[in-house]
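Okay, so here's the structure we're looking at.
Heavy atoms only: backbone and side chains are in, while hydrogens, waters and symmetry mates are out. Values in this document were obtained by computation on a predicted structure and should not be read as measured data. First the proteins, then the strands, lettered A, B, ... as listed; each starts at 1.
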4 protein chains.
Amino acid sequence: MNDRSPTATLIADTGRGNEAAILNAALEAFGEKGFNGASMRDVARGAGTSLSNLYNYFPSKSHLLAEVLRRANDELYSRTRTAVEQAGDAAAARLRDAVRAYVGFVVDFQTAALVAISEIRYLDGDERERVVAARDSTQAIFEQIVAAGAGNGEFRTPYPADAARSIVSMCSAVSTWYRPGGRLSRGQLAEQHARYALALVEAPLAGLA
Amino acid sequence: MNDRSPTATLIADTGRGNEAAILNAALEAFGEKGFNGASMRDVARGAGTSLSNLYNYFPSKSHLLAEVLRRANDELYSRTRTAVEQAGDAAAARLRDAVRAYVGFVVDFQTAALVAISEIRYLDGDERERVVAARDSTQAIFEQIVAAGAGNGEFRTPYPADAARSIVSMCSAVSTWYRPGGRLSRGQLAEQHARYALALVEAPLAGLA
Amino acid sequence: MNDRSPTATLIADTGRGNEAAILNAALEAFGEKGFNGASMRDVARGAGTSLSNLYNYFPSKSHLLAEVLRRANDELYSRTRTAVEQAGDAAAARLRDAVRAYVGFVVDFQTAALVAISEIRYLDGDERERVVAARDSTQAIFEQIVAAGAGNGEFRTPYPADAARSIVSMCSAVSTWYRPGGRLSRGQLAEQHARYALALVEAPLAGLA
Amino acid sequence: MNDRSPTATLIADTGRGNEAAILNAALEAFGEKGFNGASMRDVARGAGTSLSNLYNYFPSKSHLLAEVLRRANDELYSRTRTAVEQAGDAAAARLRDAVRAYVGFVVDFQTAALVAISEIRYLDGDERERVVAARDSTQAIFEQIVAAGAGNGEFRTPYPADAARSIVSMCSAVSTWYRPGGRLSRGQLAEQHARYALALVEAPLAGLA
DNA sequence: TATGAATGAGATTTCATTCAT
DNA sequence: CATGAATGAAATCTCATTCAT
């Protein structure tokens, strides 16, 4: 398991001038001050460009948020799904690796994860629906695993339909308090949460690492 | 177990003119639009008074938020502690009742719970410290229970120092998605989360309801 | 010549409840922050009473200013006139004693003197006219002395019609920089300005102390 | 001696959009209503631009005042120093020309001179210190002349260390009452005050024009 | 693309003043 | 006389956004 430091920025160069710098600056600004607390001037300053130039890339502040959230959720979904696909057939292993991937993302891209949970409420209309759908896809991965595990007896939880949501809540909440360099490393956090998740769905102890 | 409906408003009449109305309106406004998204005009409108009159009660928007958060955290702490005190000596029973009380509060005062987790970041200085301390006191209740249970063998989790935080995260996250009239009742939510918590700390199945 | 410290407050108890306290608080507030910079709340705080109670004594902020200015100018006029009346017939002695009295007032009631020159511009209408008239009466004392001295040859200034204004300007400006406990005492300031005044109107040196 | 009319506006076009218009409007507004009595709306109206656009040029009302005061004091200092440098070595001639230049400035830029004396009190911190230093530099010119004249016997005043302040007070007070088109012309005012100053420091009559 | 200048709307907060008690 | 509560207007300043260049 890779315990390396994050790639630091979620959004890599997009090949379109300042676009990546703007998105990363928006991410930082929204993370630090919240969507409504951050101003377009903050974003411009962080991106090292002018206020008016932002509008050459994104038609509005809302679109900026939407794009940031879309990328964060896509990356989270993609990492989680890849991890599950490579985990074999056992529900316990799949849940363990899903949680590891999820928590790993939260640690690697803490700000992105924080923004993804806390600022989605400021989206409206179509933008919102698209992002909500992406978030729900990720949660659905966990729900399917838990349902499968409950179905084949691996998990004995009496609440297979609801447990996944609590697992996801628990994992994403890491973004609200995690600080790099703290007592717990990326790997430890992943392991702990994997165990919490398996215990929560009442997988037999033998299934625990 | 009491399954009654909430008392509806967290802040009861204080006997001081519009104070309670203002606090409740602030709670609603912050809950709906976030601290920075809600304006003092929104609060005034909700309280049925004039914008400038707000300042006869609270010297600033920040103080208003601080007071709302203080009351929400105090009530949550008080409910949780009372529940634990009446739960007997067994760690499992204490944890179960703490979770029930906590989730009960979240359901009863969903908005207050939501604001308490999501808007605390907009406080500064002393106000922030006081509210953070109140929040930490509540979490400490859970930490002590888990530590005690781990100490006497009731809980087998290898992470007794960290599990409590995940339990609290999981419980407070209910405020972000719960809707009255949904599939799960107040009592069901409390029971489910109590079981999640006991499973998470790896209490033997016999301890589960 | 009396070199005592000031009586500290220009406005003595008026026998009408809080009136004197309010006037003195207004004087301090206007002196410190200017008429527009000081609020009625500042005045109330300084007077140790409630905001609304101010309006039981004075119908508006402007009236408060007018009353403060009226009292300051009346006292200044009265002191100056008394000094001149007791000074004998010689223009030089009359001018010397007028200046001594004027500067003495400025030192004793620095704030009042400062407010009297700098805040009169914020009065309107009748209030303004009354205060301006009081101020002009004081200046007229100096003009008459200079005119008399120029008429009888005591003063040789070629500008007898204008010199008095400069003398008064010079004396009242003391209020803008004087600090109790500074290098120059009340008596020294009075003497210096008396000599400046006599020199300015070109009284022969023999007439100087 | 030049008796021409003023250049009308202290602040000439700076080549930066509306900057000069804003500074001149601020000068007028502060002169008419005082710093606290004038609103940023007044300034915007006077400058022919929008309220919010003011903040593209100056970050706050205080900065606007500071800049206005800085320019006024710089110009006054520069004019006075230039006059003295061209006046030869005799203290009497230097004092005479310094006063002429000072009073000339007051007449030419009456509003600027008025604001410079009366509104400096509303500055704080560094802004204040810088402007106070500029004002003191101008006064120091007069102090040096008087000290020199007292040293070489040209002036017989017993108060060489203090007389300069009174001279400056007297000259700057002209800004509080001068009205163009009044009885006294620019040149007459300059001459009168030059003579007052020389008399005040007790220069022998032979030295007077 | 990129920018500086511009703007109308709206933010929080303070104001002088009034009123019921 | 005295007060706390209330209010409409206006204060300074920031906002997202637009436009001419």
side-chain N/O A:R16 vs E:dT1 OP1/OP2, d < 4.0 Å
yes
Return the nearest nucleotide to the side chain of C:S60; candidates are E:dT13, E:dT17, F:dT7.
E:dT17
Nearest-nucleotide wise, let me know which of B:K61 and C:F35 is further upstream toward the 5' end of DNA chain E.
B:K61
Nearest to the side chain of D:N53, heavy atoms from C-beta on, is which of F:dT3, E:dA6, E:dT3?
E:dA6
Give one of base, sugar-phosphate or nothing for B:S52, where a contact means two heavy atoms less than 4.0 Å apart.
base
Quick one: A:K33 NZ to F:dT14 C1', roughly how many Å, whole number?
12 Å
On DNA chain F, nearest-nucleotide positions of B:L54 versus C:S50: which is more 5'?
C:S50
Among the nucleotides F:dC13, E:dT18, F:dT7, whichever has the atom closest to the side chain of B:N56 is F:dT7
Can you give me the closest heavy-atom contact between B:I120 and B:R135, atom names plus distance?
CD1-NH1, 4.1 Å
Taking atom C1' of E:dT17 as reference, at what distance in whole Å does atom OH of B:Y55 sit?
19 Å
What's B:A38 touching, base or sugar-phosphate or nothing? Going by heavy atoms closer than 4.0 Å.
sugar-phosphate
Counting heavy atoms from C-beta on, name the nucleotide in E:dA16, E:dG4, E:dA6 closest to the side chain of D:N18.
E:dA6
Proximity to the side chain of A:Y57 - top-ranked nucleotide from F:dT17, E:dT12, E:dT1:
E:dT1
To the nearest Å, give me how far apart CZ (A:R45) and P (E:dT3) are.
14 Å
Quick check: closest heavy atoms across C:L64 and C:A26, and the distance to 0.1 Å?
CD2-CB, 3.8 Å
For the side chain of C:R41, starting at C-beta, report the closest nucleotide among E:dA16, F:dT12, F:dA16.
E:dA16
Secondary-structure string, 5' to 3', Watson-Crick or G-U under 3.5 Å, | for another-strand partners, for DNA chain F
.||||||||||||||||||||
Do the side chains of C:K61 and C:E119 get close enough for a salt bridge, i.e. N-O under 4.0 angstrom?
no
Ignoring the backbone of B:L51, work out which of F:dA16, F:dA6, E:dT12 is nearest its side chain.
E:dT12
In D:I117, D:L27, D:V131, the residue satisfying side chain to side chain contact (heavy atoms under 4.5 Å, CB included) with D:L69 is D:V131
Are OP1 or OP2 of F:dA6 and a side-chain N or O of B:T49 less than 4.0 angstrom apart?
no
Would you kindly compare D:P59 and D:G37 by the position of their nearest DNA chain F nucleotide and give the one closer to the 5′ end?
D:G37
B:R71 with B:E67: basic N within carboxylate O range, under 4.0 Å:
yes
Tell me the interatomic distance from A:N36, atom CG, to F:dC15, atom C1', rounded to whole angstroms.
11 Å
Minimum-distance pair of heavy atoms, taken over all atoms of B:A21 and B:A47
O-CB, 3.7 Å
